[in-house]
K.L.:
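This is the structure, below, for whatever I ask next.
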Amino acid sequence: VFSSDSSPPPSAPFDHRIVTPKPHQIATFYTINRDEVLGGGRFGQVHKCVENSSGLTLAAKIIKARSQKEKEVVKNEIQVMNQLNHANLIQLYAAFESRHDIILVMEYVDGGELFDRIIDENYNLTELDTVLFIRQICEGLQYMHKMYILHLDLKPENILCVSRATNKIKIIDFGLARRYKPREKLRVNFGTPEFLAPEVINYEFVSFPTDMWSLGVITYMLLSGLSPFLGDDDNETLNNILACQWNFEEEEFLDISEEAKDFITRLLVKSKSWRMSASESLRHPWLSDPSLHYQLHQKVQPIFSNTICVSGVFFQTFQGFS
Ligand code: ADP
């Protein structure tokens, strides 16, 4: 049986909640596993933790924030997460504020960063895997954009896999996310410039298409393992982005479908207004055409003598291996 499984990932193990930071000691209610660091970010570390009363396993993101201004930035992240109730977006459970930091307690997922799957030689990412990943990122983005919220920091490090076994993902890190305000410009910390949209580099207005550019970069990377604009140094990378200079010339693209290339081509467009939206992306054949997905599936699969299609699911009779 073949099905390009479009079911959503499991929801968080708790109902959506509106969180306000509490002034209590987190240690009264949670046991933070200081040895188990899930990741380090810009502003602190993420640890595995357990809620003492329920036994629930969660992730605690400890963000250093001393000044009132730094605290406001973290409270923005909390406010954004309070508005987002979707299975492809990591859910917030609680928050604690103390003198030197704010701790966000979130839904925990176990499958590691999507980034690790790109670089892992042993994990052979197929085009169909990529379809499944990108479709879910698009669904999360479509919801965010419907709620009038921009992510503005989409990259493979901020996409987490739910488990090693399935292709289910959740988007994390709403640290730069914000409500869309027409005419808002964005100052970003240039960490790695590979994922920045031209309008961000040029300090022009950011909008929903800014996230769609990042989706194009992620798609390119998942399909090829290559970064489309990466130059020998940051300066060259920035120039490549501003010139919108990228191509499919590398041999990694030889086996990639025309639909996938068309999908990327409609996102890596310099002018914001010409990029596909999240809803348009979901309707693009690369993400929506079941017969294309069947072909992609067949490429790496045994030969089947007979195929029956019942409501988008293909049933096959087995003949042998190719
Ligand atoms: P920052 O905003 O500081 O970059 P992130 O929210 O991106 O922090 O988290 C940093 C890393 O911690 C992530 O890349 C991921 O590996 C890990 N991580 C974050 N949130 C979770 C979570 N809910 N479950 C499991 N691991 C997580």
Side-chain angles (χ1 to χ4, degrees), residues 9-10 12-14 19 21 26-27 30-51 56-65 70 73-78 80-81 84 86-98 100-123 125 133 136-137 140-141 144 151-177 188-196 211 214-215 217-218 221-222 225 227:
F14 51 85
V19 171
I26 185 172
Y30 296 82
T31 306
I32 296 187
N33 189 339
R34 300 271 167 191
D35 301 327
E36 194 149 359
V37 182
L38 299 171
R42 275 174 306 223
F43 308 109
Q45 280 186 331
V46 181
H47 296 266
K48 204 163 163 175
C49 77
V50 174
E51 185 182 32
L56 205 58
T57 297
L58 296 147
K61 178 169 165 180
I62 306 171
I63 307 168
K64 290 213 184 330
E70 286 172 311
V73 172
V74 186
K75 286 179 183 169
N76 171 69
E77 186 169 347
I78 294 171
V80 163
M81 293 183 85
L84 301 175
H86 191 276
N88 288 119
L89 308 175
I90 242 29
Q91 296 293 299
L92 185 61
Y93 189 71
F96 295 88
E97 178 173 356
S98 65
H100 297 309
D101 46 42
I102 297 183
I103 303 178
L104 307 187
V105 182
M106 302 171 282
E107 171 187 7
Y108 164 74
V109 287
D110 201 20
E113 296 175 11
L114 188 51
F115 179 75
D116 296 326
R117 297 223 185 162
I118 296 178
I119 56 171
D120 189 347
E121 300 276 324
N122 302 317
Y123 189 91
L125 214 58
F133 286 131
Q136 292 171 82
I137 300 173
L141 273 183
M144 286 185 75
H151 188 283
L152 298 177
D153 199 17
L154 275 183
K155 49 188 171 187
E157 293 94 316
N158 286 337
I159 313 288
L160 294 189
C161 301
V162 171
S163 76
R164 300 270 158 200
T166 63
N167 285 338
K168 305 288 179 199
I169 60 92
K170 293 184 189 246
I171 299 174
I172 59 162
D173 196 355
F174 300 91
L176 287 183
V188 287
N189 283 333
F190 286 79
T192 150
E194 284 167 80
F195 302 96
L196 299 180
D211 285 332
S214 312
L215 185 76
V217 177
I218 294 172
M221 291 186 75
L222 283 175
S227 181

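Here, residue 1 is the first one in the sequence, and each next residue gets the next number.
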K.L.:
Nearest 0.5 Å, please: how far is NZ in Lys61 from SG in Cys49?
P.N.:
14.0 Å

K.L.:
So do the side chains of Asn167 and Arg117 get within less than 4.5 Å of each other, counting heavy atoms only?
P.N.:
yes

K.L.:
Hey, does Val105 have a side-chain heavy atom less than 4.5 Å from the side chain of Phe96?
P.N.:
yes

K.L.:
Within a strict 4.5 Å, meaning less than it, do heavy atoms of the Tyr93 and Met106 side chains meet?
P.N.:
no

K.L.:
Yes or no on side-chain contact (heavy atoms from CB on, under 4.5 Å) for Val19 and Leu104, after CA distance, side-chain angles and deciding distance?
P.N.:
CA-CA 10 Å; Val19 171; Leu104 307 187; over 6 Å; no

K.L.:
Is there a donor-acceptor pair under 3.5 Å between the side chain of Lys170 and the backbone N or O of Ala87?
P.N.:
yes

K.L.:
Could you tell me which non-hydrogen atom of Ala59 sits nearest to which non-hydrogen atom of Val46, and how far apart they are?
P.N.:
CB-CG1, 4.1 Å

K.L.:
Looking only at heavy atoms, what is the nearest atom pair of Phe195 and Ser214, with distance?
P.N.:
O-OG, 3.8 Å

K.L.:
Grab the two heavy atoms, one from Met221 and one from Pro156, that are nearest each other, plus how far apart they are.
P.N.:
SD-CG, 4.2 Å

K.L.:
Would you check if Cys161 and Val109 make a side-chain contact, meaning some heavy-atom pair closer than 4.5 Å?
P.N.:
no

K.L.:
Where is the tightest heavy-atom contact between Ile171 and Ile159, given as atom of each residue plus distance?
P.N.:
CG1-CD1, 4.1 Å

K.L.:
Can you find a heavy atom in the side chain of Met81 that is under 4.5 Å from one in the side chain of Ile90?
P.N.:
yes

K.L.:
Determine whether Lys155 and Asp173 satisfy the following criterion, salt bridge (charged side-chain N to carboxylate O under 4.0 Å, His left out), listing intermediate values before the conclusion.
P.N.:
CA-CA 10 Å; Lys155 49 188 171 187; Asp173 196 355; over 6 Å; no

K.L.:
Looking at Ile169, is its backbone amide N or carbonyl O close enough to the side chain of Gln136 to form a donor-acceptor pair, meaning the two atoms are under 3.5 Å apart?
P.N.:
yes

K.L.:
In Å, rounded to the nearest 0.5 Å, how long is the span from CG of Asp110 to CG of Leu160?
P.N.:
10.5 Å

K.L.:
Got a second to check how far Leu38's CG is from Asn33's CG, nearest 0.5 Å?
P.N.:
8.5 Å

K.L.:
Between the main-chain N or O of Arg34 and the side-chain N or O of Glu36, is there a donor-acceptor pair closer than 3.5 Å?
P.N.:
no

K.L.:
Shortest non-hydrogen contact from Leu92 to Phe14?
P.N.:
O-CE1, 3.6 Å

K.L.:
For Phe133, which residues count as a ring-ring contact (aromatic ring centres under 6.0 Å, His included) partner, sequence neighbours excluded?
P.N.:
none

K.L.:
Given side chains that start at C-beta, do those of Val217 and Glu194 come closer than 4.5 Å, heavy atoms only?
P.N.:
no

K.L.:
Considering non-hydrogen atoms only, spot the tightest contact between Asn158 and Asp153 and give its length.
P.N.:
ND2-O, 2.8 Å

K.L.:
Rounded at 0.5 Å granularity, tell me how far CD1 in Ile26 sits from CG in Asp101.
P.N.:
9.0 Å

K.L.:
Looking at residues at least two apart in the chain, or sitting in another chain, which of them share a ring-ring contact (aromatic ring centres under 6.0 Å, His included) with His47?
P.N.:
none

K.L.:
Does a side-chain heavy-atom distance below 4.5 Å link Ile63 with Val73?
P.N.:
no

K.L.:
Nearest 0.5 angstrom please: Lys168 NZ to Asn88 CG, how far?
P.N.:
8.5 Å

K.L.:
Would a distance-only check, ignoring hydrogens and angles, find a side-chain to backbone donor-acceptor pair under 3.5 Å from Gln45 to Ala60?
P.N.:
no

K.L.:
Does Ser163 have any side-chain contact (heavy atoms from CB on, under 4.5 Å) partners at least two apart in sequence or in another chain, and if so, which?
P.N.:
Ala165, Thr166

K.L.:
For the CD1 atom of Ile62 and the CD1 atom of Ile102, what is their distance to the nearest 0.5 Å?
P.N.:
12.5 Å

K.L.:
Would you sort out whether Glu97 and Lys75 count as a salt bridge (charged side-chain N to carboxylate O under 4.0 Å, His left out), showing the intermediate values?
P.N.:
CA-CA 10 Å; Glu97 178 173 356; Lys75 286 179 183 169; 3.3 Å; yes

